[in-house]
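Computation of the quantities below employed the complete heavy-atom set of this structure, encompassing side-chain atoms and omitting hydrogens, waters and symmetry-equivalent molecules.
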Amino acid sequence: HYIHRGFYKYRLPPELAHLPILESCFDTRANSGSALGMWQFTKATATDYGLRVGWFSDDRLNWRKATHSAARYLNELGRRFNYDWRLALAGYNGGPNYLEKRMKKQRSRNFWQLKLRKETKEYVPKFLAMLKVGRERYPDLLENYWWHSIPEDVGFLTEITPYNHRVNGLMFSLIYI
């Protein structure tokens with residue numbers, strides 16, 4: 001519940017608390033080469049959001065500190081992308097500057113229409129598919145958490161509007177706002 005409480009404090013959509021499943025399978029020691037920890041922070045992003053990264057100690061491996069920084073980072077991404085959480089998630093994966101450059105060059109703020117590098121383009125559909133599978137497997141998941149009284153203006157990532165998206169030749173019928 002620590003992640004949920006931290007995300008509630010920043011008024012983030014509760015689904016974002018499940019992002020570490022996609023990033024690291026909640027492995028606090030996950031190492032992708034350029035990113036580290038449960039939230040897969042790069043060294044630059046980690047230091048930008050208050051984590052110490054040094055030879056003897058690395059706060060990216062401290063899941064509580066990293067969770068607080070992830071909430072701050074996601075909150076900033078939400079603001080930066082006008083609370084379009086598809087864009088915010090793409091920014092989390094590919095970097096906000098990269099995403100803004102692509103949006104400006106392509107004159108689009110519609111995630112589904114943007115031409116992005118493969119990993120970033122597939123990141124949001126994978127996250128939404130993960131949520132959909134989780135909700136089907138555990139239908140009472142959201143009802144069992146304290147966030148049932150979350151303020152309406154926070155919103156959720158996934159609602160009732162279907163959108164078909166193709167990833168690696170497979171068609172996903174996803175749900176989003």
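Ion pairing between Arg29 and Asp27 fails under the 4.0 Å rule for side-chain N and carboxylate O. We find that Lys118 and Glu122 are joined by a salt bridge, their nearest charged nitrogen and carboxylate oxygen being less than 4.0 Å apart.
Side-chain contact between Lys104 and Lys101: absent, with no pair of heavy atoms (C-beta onward) separated by less than 4.5 Å. Two residues are said to be in side-chain contact when any heavy atoms from C-beta on lie closer than 4.5 Å; Arg109 and Asn82 meet this criterion. When side chains are defined from C-beta on, Leu114 counts as touching Leu87, because their heavy atoms get closer than 4.5 Å. His4 is not listed as a side-chain neighbour of Phe7, based on a closest heavy-atom distance of 4.5 Å or more. Between Leu16 and Trp85, the closest side-chain pair of non-hydrogen atoms falls below 4.5 Å.
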Show me the donor-acceptor pairs, under 3.5 Å and distance only, between side chains in residues 35-46 and residues at least two apart or in other chains.
from, atom 1, to, atom 2, distance (Å)
Trp39, NE1, Thr67, OG1, 2.9
Gln40, OE1, Ser32, OG, 3.0
Gln40, NE2, Ala30, O, 3.2
Gln40, NE2, Gly37, O, 2.8
Thr42, OG1, Thr45, N, 3.3
Thr42, OG1, Thr45, OG1, 3.1

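Nearest heavy-atom pair, Ala90 versus Leu99, reported as atom, atom and distance to 0.1 Å: CB-CD2, 3.9 Å. Pairing each heavy atom of Phe81 with each of Pro96, the nearest pair is CZ-O, 3.9 Å. A pairwise comparison of heavy atoms in Trp112 and Pro125 identifies CZ3-CG, 3.8 Å as the closest pair. The heavy-atom pair separating Lys121 from Gln113 by the smallest distance is NZ-N, 4.1 Å.
Met103 CE to Leu116 CG: the interatomic distance, rounded to the nearest 0.5 Å, is 10.0 Å. Summarising the geometry, atom CG belonging to Leu77 is positioned 9.0 Å from atom OH belonging to Tyr92; distances are rounded to the nearest 0.5 Å. Rounded to the nearest 0.5 angstrom, Lys9 NZ and His68 NE2 are separated by 5.0 Å. A distance of 7.0 Å separates CG in Leu22 from NZ in Lys126, rounded to the nearest 0.5 Å. One distance of note links CG of Leu12 with CG of Leu74; it measures 6.0 Å at 0.5 Å rounding. Remark: Asp58 CG to Leu51 CG distance equals 8.0 Å, nearest 0.5 Å.
With Tyr98 as the aromatic partner, Arg117 meets the cation-pi criteria of under 6.0 angstrom to the ring centre and within 45 degrees of the ring axis.
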Steps toward side chain to side chain contact (heavy atoms under 4.5 Å, CB included) verdict (Lys65, Arg60): CA-CA 7 Å; Lys65 289 180 181 180; Arg60 295 177 292 176; over 6 Å; no
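Side-chain contact check for Tyr123 and Glu23: at least one donor-acceptor pair (N or O, by modelled atom type) lies under 3.5 Å.
Through direct or relayed side-chain contacts under 4.5 Å between Ile, Leu, Val, Met, Phe, Trp and Tyr, Val53 connects to no other residue.
Arg107 pairs by the salt bridge (Lys or Arg N to Asp or Glu O under 4.0 Å) definition with nothing, not counting sequence neighbours. Under the ring-ring contact (aromatic ring centres under 6.0 Å, His included) criterion, Tyr2 pairs with Trp63, not counting sequence neighbours. Partners of Glu136 by salt bridge (Lys or Arg N to Asp or Glu O under 4.0 Å), not counting sequence neighbours, listed by chain and number: Lys132. Among residues two or more places apart in sequence or in another chain, the ring-ring contact (aromatic ring centres under 6.0 Å, His included) test is passed with Tyr49 by Tyr73.
More than 12 heavy atoms of other residues, nucleotides or ligands sit less than 6.0 Å from atom CZ of Arg79.
In the hydrophobic clustering of ILVMFWY residues, with side-chain heavy atoms under 4.5 Å counting as a link, Leu61 and Ile3 come out apart.
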